[in-house]
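In what follows, a structure is listed as structure tokens, so that the remarks can point back to it.
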Amino acid sequence: MLTNDKYDFKAIEKKWQQCWEQEKTYRVTPQPGRPKYYVLEMFPYPSGRIHMGHVRNYSIGDVIARYKRMQGFNVLHPMGWDAFGLPAENAAMKRGIHPAAWTQENIDYMRGQLKAMGLSYDWDRELATCRPDYYRWEQQLFLKMLERDLIYRKETTVNWCDDCQTVLAREQVIDGTCWRCDQPVLPKIMYGWFFKITDYADELLADLGTLTGWPEKVVTMQRNWIGKSTGLACDFRVEDSDQSITIFTTRPDTIFGVTFMSLAVEHPLLKSLTAGKPQEQQVNDFIQQTLIDKQRANLELEPEKNGAFTGSYCINPFTGERVPIYAANFVLMEYGTGAVMAVPAHDQRDFEFARKYDLPVRVVVQPLGELLDPSLMNEASEAPGLLTASGPFTGLDSITAQQAIIDFAQNSGVGRPHVTYRLRDWGISRQRYWGAPIPVIHCQTCGIVPVPESELPILLPGAGELKGNHSPLHQQDDFIATTCPRCHKAARRETDTLDTFVESSWYFARYTNPGLTTGPIDQEAAAYWLPVDQYIGGVEHAILHLLYARFFTKMLRDLGYLTVDEPFTNLLTQGMVIKDGAKMSKSKGNVVDPNDLIEQYGADTVRLFSLFAAPPERDLEWNPQGVDGASRFLNRVYRLVVQSLPCFQDTAAVDIALLNEPSRQLYRKMHQTIRRVTENIETNFHFNTAISGVMELVNLAATVSGDKEVMDAAVQRETLETILTLLFPMVPHFCEELWQISGHGQPLNNAVWPEYNVEAAKEEEITIVIQVNGKVRAKLQVPADIDDQTLQQMAITEEKVARFLENKDPRKIIVVQKKLVNIVL
RNA sequence: GCGAGAGUGGUGAAAUUGGUAGACGCACUGGACUUAGGAUCCAGCAGGCCUAGCCUAUGGGGGUUCGAGUCCCCCCUCUCGCACCA
């Protein structure tokens with residue numbers, strides 16, 4: 001396979017891929033006692049073909065996997081398919097084939113593409129979530145959760161995507177549109193199944209503090225999404241009624257400033273509050289109008305505050321005052337209690353509302369150094385301060401007052417401390433075909449009856465034979481008709497399927513023993529492999545998938561399957577691949593097909609470019625000429641090794657004492673490069689700088705080894721071996737081939753990551769910068785072990801510097817060891 | 001509006017604790033070898049000027065310091081997330 005100037009990537013890559021496949025080089029098993037490392041890239045949706053984002057994601061993961069292997073870790077690096085989902089159904093309808101067939105075709109094709117990239121996966125662990133041997137265990141988990149009361153079904157307002165004909169979880173609504181098809185999402189009232197993720201809200205929030213290996217940004221996003229607020233829940237008795245309205249506030253210190261009460265239009269008490277009142281018609285009209293407005297909410301603009309007086313009053317338990325009750329368009333039924341005590345002086349929304357409807361504004365908190373006058377205020381004062389006009393609490397500061405008021409409310413029975421979350425329970429019902437069927441039965445007599453575990457899996461009809469009916473299950477009478485497991489009368493199967501995000505919430509645990517036939521998770525294997533040490537994927541899953549997976553981990557722990565609290569110790573959110581300033585997408589017509597590139601340049605070049613062009617967390621601007629650069633570099637290394645083959649016959653160790661200057665220089669650079677590459681990978685996976693380090697070493701090796709007479713063969717050999725070893729995780733076929741060509745018996749794959757020698761890496765001479773008044777005026781080459789005194793003397797007498805010193809005495813001389821001398825005049 | 005992050009040559013990007021700004025690439029320019037070069041090799045490449053040198057440059061303006069891309073304050077722009085959350 002030797003050629004003159006360019007390596008034959010086609011032959012080489014094929015050769016090594018076959019070798020790895022035949023020898024199952026990357027198959028792993030638990031080895032108790034040996035340190036493990038679990039590296040995982042977010043598994044792909046089998047959409048048809050891989051794109052550049054995949055290439056980048058998997059290249060990064062593969063470098064980490066190979067690097068850790070060379071460091072002696074037992075590395076788990078699996079791959080599979082997130083295979084349920086709508087595009088399969090849509091494609092199936094368009095092409096007249098079955099979603100299962102379409103999905104299978106895509107998986108087969110994409111697997112080939114991944115193999116062509118030379119990724120070091122343990123393919124024996126491959127899984128596809130659409131297969132019964134995966135989703136039957138998900139169904140079993142569903143039943144366990146149901147048993148534990150972690151799942152419920154209720155009728156509620158859901159997010160409906162008309163285009164996809166299904167319900168979406170709140171996390172799947174992006175700016176009011178569907179995360180998948182970008183169409184507007186509408187509210188719709190219907191029955192749905194929910195996971196009680198809110199049961200874990202507190203732990204999900206608290207454990208964010210343990211995720212020190214996650215990007216700040218993601219942690220913050222999750223914290224905000226969970227949105228914990230603490231405060232007071234307080235009951236306001238309705239006048240002339242035995243009902244009361246419970247409000248939630250985070251500002252109990254402002255409770256003496258309440259001048260009205262606002263209710264969400266969906267509030268259950270609203271009807272009875274207006275019944276028989278002169279305002280009834282007006283309020284009903286307002287409710288109707290507000291509901292309509294919400295349907296076609298203009299997302300850009302916050303609508304003007306609007307409301308209607310109900311004709312009823314409630315009593316502020318702290319002041320005994322009558323408080324008028326309004327229905328208001330800005331109060332959310334989904335948050336808190338759907339009722340808000342309005343304090344216009346200290347809440348901007350209440351302020352706007354009060355000004356509009358001419359309601360009183362009463363100041364009860366004076367911020368420091370200010371004297372608020374309600375008649376002069378043009379916005380609310382939300383800052384804390386000292387309480388005024390607040391009965392026994394007057395004079396307290398806001399923080400103290402909040403606690404005092406909560407205590408008082410609790411003691412007098414009108415209120416209690418309360419915590420509320422922004423996080424909602426996870427709606428998992430989907431009204432589409434291509435998903436895991438929910439294993440319950442609806443019986444007229446017995447109600448909702450879980451399918452007995454022995455009857456699992458509930459197979460998706462038609463999916464097994466890859467043909468037949470794939471309309472939504474609620475349209476498939478054969479599927480629906482069943483008998484009740486309890487009373488054995490005719491009953492109906494549940495027709496909703498599970499949100500595809502359920503599959504991806506536990507796949508990382510299934511990988512630890514994907515073939516297990518006795519349960520969803522092999523506890524022993526999971527205990528060995530989990531948590532995932534390094535997880536890699538797009539930041540678009542910062543909330544969605546990553547929150548769900550955290551929830552599942554905690555829940556599976558409580559069900560006894562797992563022993564970890566968190567699934568992913570370290571998270572790397574890789575940037576997007578962009579071209580012409582925009583994310584690659586079919587609609588923009590700026591996609592680059594990895595297939596064409598691999599065909600033209602080979603997988604190693606494509607991998608190298610995607611690693612070199614930018615650090616992984618940053619967006620990567622696609623530059624076709626950059627690929628040429630990567631290719632050029634590899635060919636240069638190839639020529640260098642081929643031209644230097646004789647040096648590999650010298651197997652003597654390097655003897656530093658005998659080295660001439662050029663040899664010593666190269667040897668030093670080699671050790672420096674090992675240090676640099678190792679550090680770049682260890683600290684933050686900055687492969688771009690790691691590669692540039694190797695490039696410098698290659699450049700130096702190429703220059704000095706032209707000088708065959710003086711170059712020490714052992715140094716030359718060690719340098720080339722080092723170059724190949726350091727590059728191996730990034731361009732494995734290429735390095736493995738050159739390793740073999742240069743006469744090594746054992747594959748490079750089994751080699752150990754090199755260690756650098758501190759002594760050998762040490763510079764003998766260093767460059768010292770001489771500054772005058774902070775400006776660089778000269779540079780000096782000095783021995784590395786020079787003392788400050790000598791250095792200072794040399795600096796002052798340096799001729800370029802001396803000119804500045806004429807007629808002047810230095811005021812101060814700063815010497816920074818091994819770096820610089822600054823002479824201040 | 002709130003929260004997070006980012007602004008460095010023509011371009012992708014580098015720069016321990018504050019210590020030579022622009023490593024390594026790409027593009028470009030010149031040269032060599034060539035029938036040829038979109039191969040390879042060599043050299044140059046922030047801008048400016050009164051060119052043995054000097055000055056100005058890391059979004060803008062202040063500040064701290066012997067010394068600031070890096071620290072502090074104010075402002076501008078961009079990206080991302082949340083968005084009437086009581």
Side-chain angles (χ1 to χ4, degrees), chain A residues 4-6 174-176 215-225 227-229 231-232 247-251 254 262 264 299 302-305 328-332 334-343 346-350 352-353 382 420-423 539-540 542-543 609 612-615 617-630 632-633 635-636 639 676 679 683 686 688-696 698-699 702-703 706 767-779 799-800 803 810-825:
Chain A
N4 283 333
D5 53 350
K6 288 199 170 183
I174 312 292
D175 286 338
E216 263 304 306
K217 180 191 161 105
V218 176
V219 170
T220 307
M221 278 167 71
Q222 290 213 359
R223 184 172 290 124
N224 293 341
W225 188 263
K228 180 178 182 173
S229 296
L232 169 71
I247 59 94
F248 170 73
T249 180
T250 55
R251 290 295 300 274
T254 64
S262 339
L299 300 148
E302 226 168 64
E304 196 187 339
K305 306 279 175 291
N329 66 342
F330 64 90
V331 180
L332 305 172
E334 318 84 78
Y335 185 78
T337 59
V340 180
M341 69 172 206
V343 187
H346 304 296
D347 182 282
Q348 185 58 26
R349 293 153 302 183
D350 298 343
E352 286 167 31
F353 195 88
E382 297 184 346
T420 190
Y421 297 93
R422 226 187 64 103
L423 181 71
V539 75
E540 66 272 17
I543 293 172
F609 171 74
F612 179 62
E617 70 278 3
R618 211 186 293 195
D619 283 349
L620 186 156
E621 172 74 36
W622 183 256
N623 175 7
Q625 280 150 339
V627 187
D628 284 322
R632 215 175 292 165
F633 170 69
N635 281 313
R636 200 155 78 240
R639 284 190 300 272
R676 176 164 163 189
E679 283 174 1
T683 50
H686 277 197
N688 55 331
T689 48
I691 293 166
S692 75
V694 179
M695 284 174 169
E696 284 184 39
V698 169
N699 289 346
T703 344
T767 307
I768 300 287
V769 172
I770 315 298
Q771 297 182 331
V772 178
N773 287 336
K775 292 197 160 128
V776 181
R777 297 300 175 189
K779 292 171 190 178
E799 71 165 297
K800 286 174 190 161
R803 289 183 308 165
R811 207 150 50 94
K812 196 171 171 188
I813 297 178
I814 291 138
V815 181
V816 180
Q817 253 205 341
K818 300 193 174 184
K819 280 248 166 68
L820 60 68
V821 179
N822 188 11
I823 301 161
V824 187
L825 299 179

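No hydrogens, no waters, no symmetry mates; every other heavy atom, side chains included, goes into these values.
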query: If we only count heavy atoms from C-beta on, is the A/Phe248 to A/Val340 side-chain gap below 4.5 Å?
result: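 No. Closest side-chain heavy atoms not under 4.5 Å.
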query: Does A/Glu696 reach the side chain of A/Arg676, with side-chain heavy atoms less than 4.5 Å apart?
result: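 A/Glu696 reaches A/Arg676 side chain to side chain.
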field: NZ or CZ of A/Lys305 within 45° of A/Phe353 ring axis and under 6.0 Å
entry: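 That pair does not qualify as a cation-pi contact.
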- prompt: Which label fits B/rG9, syn or anti, where anti is any glycosidic angle not within 90° of 0?
  reply: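 For B/rG9, whose glycosidic angle is within 90° of 0, the conformation is syn.
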message: Are A/Trp225 and A/Tyr421 an aromatic pair, judged by ring center distance below 6.0 Å?
response: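 No; A/Trp225 has its ring centre 6.0 Å or more from that of A/Tyr421.
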[X] has an atom [atom1]; how far is it from atom [atom2] of [N], in whole Å?
{"X": "A/Arg349", "N": "B/rA83", "atom1": "CZ", "atom2": "P", "value": "14 Å"}
{"X": "A/Ile543", "N": "B/rG3", "atom1": "CD1", "atom2": "C1'", "value": "12 Å"}
{"X": "A/Asp619", "N": "B/rG7", "atom1": "CG", "atom2": "P", "value": "13 Å"}

message: Can you identify which nucleotide, out of B/rA23, B/rA86, B/rU40, has its nearest atom closest to the A/Glu696 side chain?
response: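 Between B/rA23, B/rA86, B/rU40, the one nearest the side chain of A/Glu696 would be B/rA23.
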task: Could you work out which one of B/rC82, B/rG67, B/rU20 sits closest to the side chain of A/Lys779?
output: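 Comparing B/rC82, B/rG67, B/rU20 against the side chain of A/Lys779, the answer is B/rU20.
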statement: Base-pair string, RNA chain B, Watson-Crick plus G-U, cut-off 3.5 Å on both distances, | for inter-strand, is (((((((..(((......[....))).(((((.......))))).((((...))))..(((((..]....))))))))))))....
query: Taking atom types as they are modelled, is there a donor-acceptor pair under 3.5 Å from the base of B/rG25 to the side chain of A/Gln625?
result: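 Looking at the base of B/rG25, it does not pair with any donor or acceptor on the side chain of A/Gln625 (distance under 3.5 Å).
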query: If you measure only the distance, is there a donor-acceptor pair under 3.5 Å linking the side chains of A/His686 and A/Glu679?
result: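 No, no side-chain donor-acceptor contact under 3.5 Å.
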